[in-house]
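Take a look at the structure below.
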Amino acid sequence: MNWIEIFRSGISTGTVLLIAAIGEILTERAGIQNLGVEGMMLVGAMAGFKVAFSTGNVWLGLLAAIAAGGLLSLAHALVTIHFQADQTVSGLSLTFLGTGLALVLGDGLTGQTGPVIPRASIPLLSQIPYLGQIAFADHNLLVYFGYLLLPIVTYFINKTRPGLHLRAVGENPAAADTLGVNIYRTRYLYTFIGGCFAGLAGAAISVAIAPGWYSNLTVNGQGWIAVALVIFAHWNPWRAALGGYLFGILRRFTLDLQGPRILFGLANPFFYNTNLVFFLQMTPYILTIIALIWGSSAARKKRIGAPAALGTPYQRGERGL
Amino acid sequence: MTFPEETNTVPAVEMQDIVLRFPGVLANDHVNFTLYPGEIHALLGENGAGKSTLMNVLTGLYKPQSGEIRIHGKKVSFNSPRDAIANGIGMVHQHFMLVENQTVTENILIGLDTPRFALNLKKYDQEISNLAEQFGIHIDPTAKIWQLSVGEQQRVEILKILYRGANILIMDEPTAVLAPQEADELIETLKGMAAQGKSIAFISHKLTEVKQVADKLTVLRRGRVTAERVNLQDFTRESLASLMVGREVIFNLHKCEQTAGREVLRLEDISALNNKNLPALRNVDLALHEGEILGIAGVAGNGQSELVEVITGLRPCTGRIWLEGKDIANKPPSFSINQGLAHIPEDRIGVGSAPNLSLTSNIIMKRYDQQPVSQKWQLDYVAADELADGLKTEYDIQAPSVQTQARKLSGGNLQKLILARELSSTPRMVVAMQPTRGLDVGAIESVQQMLLNQREQGCAILLVSEDLDELLSLSDRIAVMYEGQIVGVLGSEDFYITQIGLMMTGTLPEELPEKAQAEEDLTEGNYSSFDEVLDNLHNYEESSQAKRPAEIEPSSESAEPIEEIPQPEPPAPPEDLPLNLTEKERVLRKVLGENYKQGDEE
């Protein structure tokens with residue numbers, strides 16, 4: 001078994017989850033829960049691949065994916081912020097809407113090949129034994145973008161003025177409102193940004209990591225994994241990244257386990273028994289959840305949890321009497 | 001600190017003929033309000049009189065339908081709180097507007113234009129320290145809000161306003177949440193700020209405190225001004241109260257002499273755990289009779305809530321509870337309701353009502369399955385509305401209609417709604433927890449009178465309260481709870497405040513000082529709250545060093561929020577601790593607020 005290859009591929013598939021989860025973290029930190037990540041990712045994957053395929057320019061494809069995800073998220077924003085509808089219901093419908101749109105508009109793309117995001121190695125860093133090969137050699141550029149995104153987003157949330165406002169709006173919108181922060185505008189903005197990230201994550205699949213359009217199997221439930229990651233990562237980008245990479249690594253590992261006839265000197269049970277394979281396919285999901293629950297008990301002690309106003313619409317001047 | 005009202009001084013705030021209508025309610029009816037620089041101006045009125053609404057107009061949260069606002073002589077029109085802040089107006093809300101998991105500095109910086117992008121908290125921590133010092137406020141700018149006591153959180157609110165350069169401060173019932181010592185400190189701070197030229201509007205419904213702090217007074221009643229810019233010296237407590245309520249307020253309730261009848265409720269050897277799975281009730285025995293009010297005194301968190309929950313069937317327990325001859329322990333609440341039990345819970349919004357449902361729905365919650373509301377398998381909403389309408393008039397609940405959502409009611413009206421539901425079912429037994437907390441004078445009076453009426457009708461009442469005045473004036477007997485046990489039960493001839501206070505800290509009745517001394521102690525001050533008694537006790541204990549062996553582990557502490565502050569564990573194992581350290585700790589914390597540090601008591 002090629003361990004380096006398992007880690008390499010884990011990092012590159014984990015990048016998809018990382019980007020989607022960071023987008024959802026930004027949205028949820030503003031107090032809006034968007035369960036439509038799966039739908040937005042599919043639309044992004046479709047739009048990214050379609051535009052890249054028809055124009056021959058992969059960067060235009062990425063832009064189209066970002067715009068498509070963002071536009072779709074605005075529907076959620078309008079319904080939940082302006083009309084104060086239930087965020088869970090709206091998010092679920094957004095998944096259906098996104099899936100439907102992607103399937104209709106992506107008709108005829110299956111089996112085509114388009115341009116992909118270029119690959120690169122980072123000088124010096126890729127020379128580090130093992131780690132260099134795993135993390136810094138011959139990855140597509142979006143993987144490196146993911147590395148950059150993490151510290152930038154963390155810094156933005158915790159150490160800047162817009163980040164302060166973002167957190168305030170998600171924790172106590174009434175307090176932010178009395179201090180002159182525009183709640184509606186902030187929530188619209190971050191719902192939109194979350195949608196853009198989801199769209200980008202979708203395109204990261206269709207034009208970089210597993211190029212091509214395979215209807216709704218393209219995203220295959222990763223949007224839901226991203227939503228779960230956000231919760232288990234306690235709205236912390238670093239934890240979400242860790243979970244995302246871990247998930248990717250485990251998925252590739254279980255895939256590789258099914259390959260060889262002989263495993264550790266014994267007959268490989270997964271090669272001969274297909275029923276066991278189903279359980280094997282469950283393990284990345286289960287282990288990711290266990291790892292993150294274990295990690296979050298420490299977070300609970302430090303009082304890091306869901307934004308207090310998550311899921312509740314904001315309305316000024318509730319009490320009249 | 002009287003302010004000379006010269007004609008050439010421009011008022012800081014002039015509000016004229018302010019009219020604000022909410023659907024169904026006229027919240028402000030041509031209200032005038034004037035505030036001069038350097039003065040503390042009290043705005044007095046019952047809950048729902050329109051004080052907070054008027055001030056929310058001034059802070060730009062609500063837009064009045066008509067009327068004029070002038071700030072320092074200049075006519076203004078506010079569209080959002082931002083406009084008001086720009087004009088130097090800031091408000092400390094009754095419910096603090098703070099983000100719990102952010103630091104003091106971060107909370108203060110929300111909504112400001114500087115810093116532009118990067119926060120650079122260190123620099124601003126320093127700025128805020130300096131500002132706090134200037135006004136004699138003590139605060140750690142790097143602390144997170146959830147780590148702070150309520151009094152400290154309030155200081156953050158004040159700093160938030162001062163940092164924005166406000167010279168007009170609005171304080172919305174600032175002392176309601178404070179311990180007496182914290183309140184005194186706040187009043188000193190406010191007076192200091194007024195001396196530095198700030199104008200302060202002080203909303204309150206506490207008469208004594210208004211007399212203590214304010215120079216001038218405006219009184220509102222049901223949206224109208226009943227006294228404008230009057231001097232406080234000209235009024236007594238009684239005349240102020242009648243201005244607020246619109247009639248004479250009886251401070252001495254009508255309580256007739258009557259002897260208790262046969263036994264209604266008996267608790268036998270009741271024990272129960274609290275939410276942290278620690279023992280909250282230990283072998284409690286208690287009996288209650290017809291036409292009797294039994295008061296339960298004790299520092300919050302000594303098992304009172306658990307006692308109420310056990311009786312009302314909301315918490316499992318061991319032992320037996322006899323209500324009218326039937327064992328109701330560990331039975332579902334509906335069982336005891338059918339036995340004639342009524343419950344007035346501590347948490348009016350979470351437990352006592354369904355905030356998003358209408359008045360009608362809240363009223364019929366206990367009788368939806370009875371005639372005339374229940375019509376076989378469906379509800380007769382016409383009959384339900386009629387019933388609710390009748391009770392709304394009978395209990396004087398102020399609401400636009402019975403279709404109004406319960407959450408739109410003010411505290412007093414919500415409590416009346418709960419009382420209407422509970423008492424109209426002619427209960428045999430009423431369990432009331434903190435029935436008047438947070439209510440205004442008028443509402444307190446009517447709630448207390450309703451309880452006394454129930455007593456006259458032969459109902460047995462268990463009254464849990466932290467307001468000692470209330471317990472003393474309503475109860476026939478008082479049981480004192482400490483660490484989940486009944487320390488003792490006192491008859492009305494033994495009601496001495498110092499004795500009750502000592503029992504609240506765990507002193508057994510036979511260890512109490514002589515009555516003569518107790519009476520002497522009593523004359524020293526006129527206490528109105530546990531905090532004051534405890535304060536007094538603190539001094540008392542220091543002199544007498546009366547202690548009792550601690551049979552209870554220190555871990556069974558109350559769930560006061562201050563407990564959550566991570567503190568170093570006490571160095572010695574429990575058995576080596578000074579005798580009743582935990583209780584003393586609690587008392588000290590309550591009395592000293594954040595000035596308390598572990599180890600101070602030595």
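Here is the naming used below: chain letters follow the sequence lines, and residue numbers restart at 1 for every chain.
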Can you give me the closest heavy-atom contact between B:Val99 and A:Glu171, atom names plus distance? CG1-CB, 3.3 Å
Considering only heavy atoms, which portion of B:Lys144 lies under 4.5 Å from any heavy atom of chain A: side chain, backbone, both, or neither? neither
What part of B:Ile85 gets within 4.5 angstrom of chain A, counting heavy atoms only: side chain, backbone, both, or neither? side chain
Contacting moiety of B:Arg116, where chain A heavy atoms sit under 4.5 Å: both
Just so I understand: if I count every heavy-atom pair under 4.5 Å between each of A:Pro162, A:Ala175, A:Gly170 and chain B, which residue has the most? A:Ala175
Reported CG-to-OG1 distance for the pair A:Leu164 and B:Thr105, which is rounded to 0.5 angstrom: 10.5 Å
Are any of the side-chain heavy atoms of B:Thr59 and A:Thr178 separated by less than 4.5 Å? no
Give a yes or no on this: more than 12 heavy atoms of other residues, nucleotides or ligands lie within 6.0 Å of atom NZ of B:Lys63. yes
Counting heavy-atom pairs closer than 4.5 Å to chain A, which one of B:Thr404, B:Asn56, B:Leu112 comes out on top? B:Leu112
For B:Glu106 against A:Asn158, the heavy-atom pair lying closest together: OE2-O, 4.0 Å
Is the closest side-chain heavy-atom distance between A:Leu179 and B:Arg164 below 4.5 Å? yes
Spacing of B:Ile110 atom CD1 and A:Arg167 atom CZ [to the nearest 0.5 Å]: 8.0 Å
Please determine whether the number of non-hydrogen atoms from other residues, nucleotides or ligands lying under 6.0 Å from atom CZ of B:Phe117 exceeds 12. yes
When rounded to the nearest 0.5 angstrom, what distance separates CG in A:Asp177 from CG in B:Leu61? 6.5 Å
Go through it in stages, so that I can follow the logic: the residues are B:Asp113 and A:Arg161, the test is side chain to side chain contact (heavy atoms under 4.5 Å, CB included), and I'd like the CA-CA distance, side-chain angles, deciding distance and then a yes or no. CA-CA 9 Å; B:Asp113 291 332; A:Arg161 187 177 76 112; 3.7 Å; yes
Do B:Glu100 and A:Asn172 have a side chain donor and acceptor closer than 3.5 Å? no
